[in-house]
Amino acid sequence: MRRDSRLSVALHVLLHMEDMGPVVTSEAMGRLLKANPVVVRRTMAGLRDAGILTSVKGHGGGWSLARTLDTVTLGDVYEALGTPTLFSIGPHDESPGCLVEQAVNDALGKALDQAAALLMQHLRSTSVADLGRGVRRRHARAVKRRVKPHA
């Protein structure tokens, strides 16, 4: 089963948009992400509909941040994408009268509900700006490793 990477792509888009300037085209973002601009536009449209981005059509148009990234949580972005399925595993519903299936589904359902609640708690408590700060820390460490002291 192929993984759904839309949340990762949307977060990637938002973090780059903050650095790229006030207006970014889906073509420029597509080149950066090595993705088809149509796919990028679809992702960005969900973010626009949620009030995270704005868009202007025509010459000089493109996409802009509608909110500062410290006011946007990972949960906001997840919800803007239509709340994709979190886990690829789930209950088996072929024989609802089967007592074994009922027991298995009950146990799996409870575990999956708890895992989803924990994940959503984390997504709602982490801002996109928090990710940006993490990116800057990683960048600073990478630069530090590449700089050799003078002899």
Side-chain angles (χ1 to χ4, degrees), residues 1-93 105-151:
M1 180 176 196
R2 188 165 181 245
R3 289 188 179 193
D4 185 337
S5 61
R6 289 179 295 160
L7 179 59
S8 179
V9 169
L11 294 169
H12 203 132
V13 163
L14 291 172
L15 289 168
H16 278 299
M17 285 187 71
E18 185 175 54
D19 293 334
M20 292 175 74
V23 178
V24 180
T25 65
S26 49
E27 287 76 17
M29 192 58 69
R31 283 191 301 275
L32 183 69
L33 298 173
K34 297 179 176 73
N36 186 314
V38 173
V39 174
V40 173
R41 273 192 292 278
R42 267 190 239 127
T43 298
M44 294 171 103
L47 298 173
R48 180 197 55 221
D49 295 344
I52 297 169
L53 295 179
T54 60
S55 63
V56 175
K57 294 180 181 182
H59 182 70
W63 300 88
S64 300
L65 293 171
R67 296 165 47 189
T68 60
L69 296 184
D70 61 327
T71 67
V72 179
T73 69
L74 278 59
D76 295 332
V77 177
Y78 170 75
E79 289 168 356
L81 298 173
T83 60
T85 302
L86 290 173
F87 307 110
S88 64
I89 60 173
H92 187 258
D93 292 322
N105 288 349
D106 187 47
L108 285 177
K110 286 178 183 173
L112 290 171
D113 289 346
Q114 289 172 354
L118 184 61
L119 178 58
M120 289 308 302
Q121 179 184 8
H122 177 74
L123 293 179
R124 288 187 181 111
S125 67
T126 305
S127 73
V128 178
D130 293 334
L131 295 183
R133 285 187 281 280
V135 170
R136 287 188 289 284
R137 281 192 302 273
R138 288 171 185 266
H139 178 70
R141 285 194 303 263
V143 168
K144 188 176 179 180
R145 283 192 301 266
R146 282 186 235 142
V147 176
K148 296 181 182 179
H150 296 291

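Hydrogens, waters and symmetry mates play no part in the numbers below; they use all other heavy atoms, side chains included. Worth saying up front: this structure is predicted, and the values here are computed from it rather than measured. Along the sequence shown, residues carry numbers from 1.
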* To do: Could you list the residues that satisfy side-chain hydrogen bond (donor to acceptor under 3.5 Å, both in side chains) with Arg48, not counting sequence neighbours?
  => Ser55
* Asked: How many angstroms lie between CG in Asn36 and CD in Glu27, if you round to the nearest 0.5 Å?
  -> 9.5 Å
* Please, which pairs that meet ring-ring contact (aromatic ring centres under 6.0 Å, His included) have at least one residue in residues 112-144, sequence neighbours excluded? -> none
* Structure fact -> Those residues at least two apart in sequence (or on a different chain) that pass side-chain hydrogen bond (donor to acceptor under 3.5 Å, both in side chains) with Asp4 are Arg6
* Does Ser127 offer a backbone N or O that forms a donor-acceptor pair with the side chain of Asp130 under 3.5 Å? -> yes
* Roughly how far apart are Asp113 CG and Leu118 CG, rounded to 0.5 Å? -> 12.5 Å
* Euclidean distance, Asn105 CG relative to Asp93 CG, rounded to 0.5 Å -> 5.5 Å
* Short side-chain to backbone donor-acceptor contact, Ser5 and Ser8, under 3.5 Å -> no
* Asked: Where do Thr68 and Thr71 come nearest, in terms of heavy atoms and distance?
  -> O-OG1, 2.7 Å
* To do: Check Leu65 against Met17 and note the closest heavy-atom contact, atom names and distance.
  => N-CE, 4.1 Å
* For residues Ala45 and Trp63, report the shortest heavy-atom separation together with the two atoms involved. => N-CH2, 3.8 Å
* Partner residues of Ser64 under the side-chain hydrogen bond (donor to acceptor under 3.5 Å, both in side chains) criterion, sequence neighbours left out -> none
* Looking only at heavy atoms, what is the nearest atom pair of Thr54 and Ala66, with distance? -> CG2-CB, 3.5 Å
* **Min side-chain heavy-atom separation Leu131-Leu74 under 4.5 Å** => yes
* Nearest-0.5 Å distance, CG of residue Leu69 to CD of residue Glu18 -> 4.5 Å
* For Leu86 against Ala116, the heavy-atom pair lying closest together -> CD1-CB, 3.7 Å
* First locate atom CG of Leu119, then atom CD of Gln121, and finally report the distance between them rounded to the nearest 0.5 Å. => 10.0 Å
* Less than 4.5 Å apart, any side-chain heavy atom of Val135 and any of Arg138? -> no
* For residues Val77 and Leu123, determine if any side-chain heavy atom of one lies less than 4.5 Å from a side-chain heavy atom of the other. => no
* Please, which pairs that meet salt bridge (charged side-chain N to carboxylate O under 4.0 Å, His left out) have at least one residue in residues 71-87, sequence neighbours excluded? -> Arg67-Asp76, Glu79-Arg124
* Using the ring-ring contact (aromatic ring centres under 6.0 Å, His included) rule, collect all pairs that involve residues 15-60, keeping only residues at least two apart or in two chains. => His12-His16
* Supply the atom-to-atom distance Asp70 CG to Arg133 CZ, rounded to the nearest 0.5 angstrom. => 7.0 Å
* Which pair of heavy atoms, one from Ala80 and one from Leu47, lies closest together, and at what distance? -> CB-CD2, 3.9 Å
* Do Thr126 and Thr73 come close enough that some side-chain heavy atom pair is under 4.5 Å? -> no
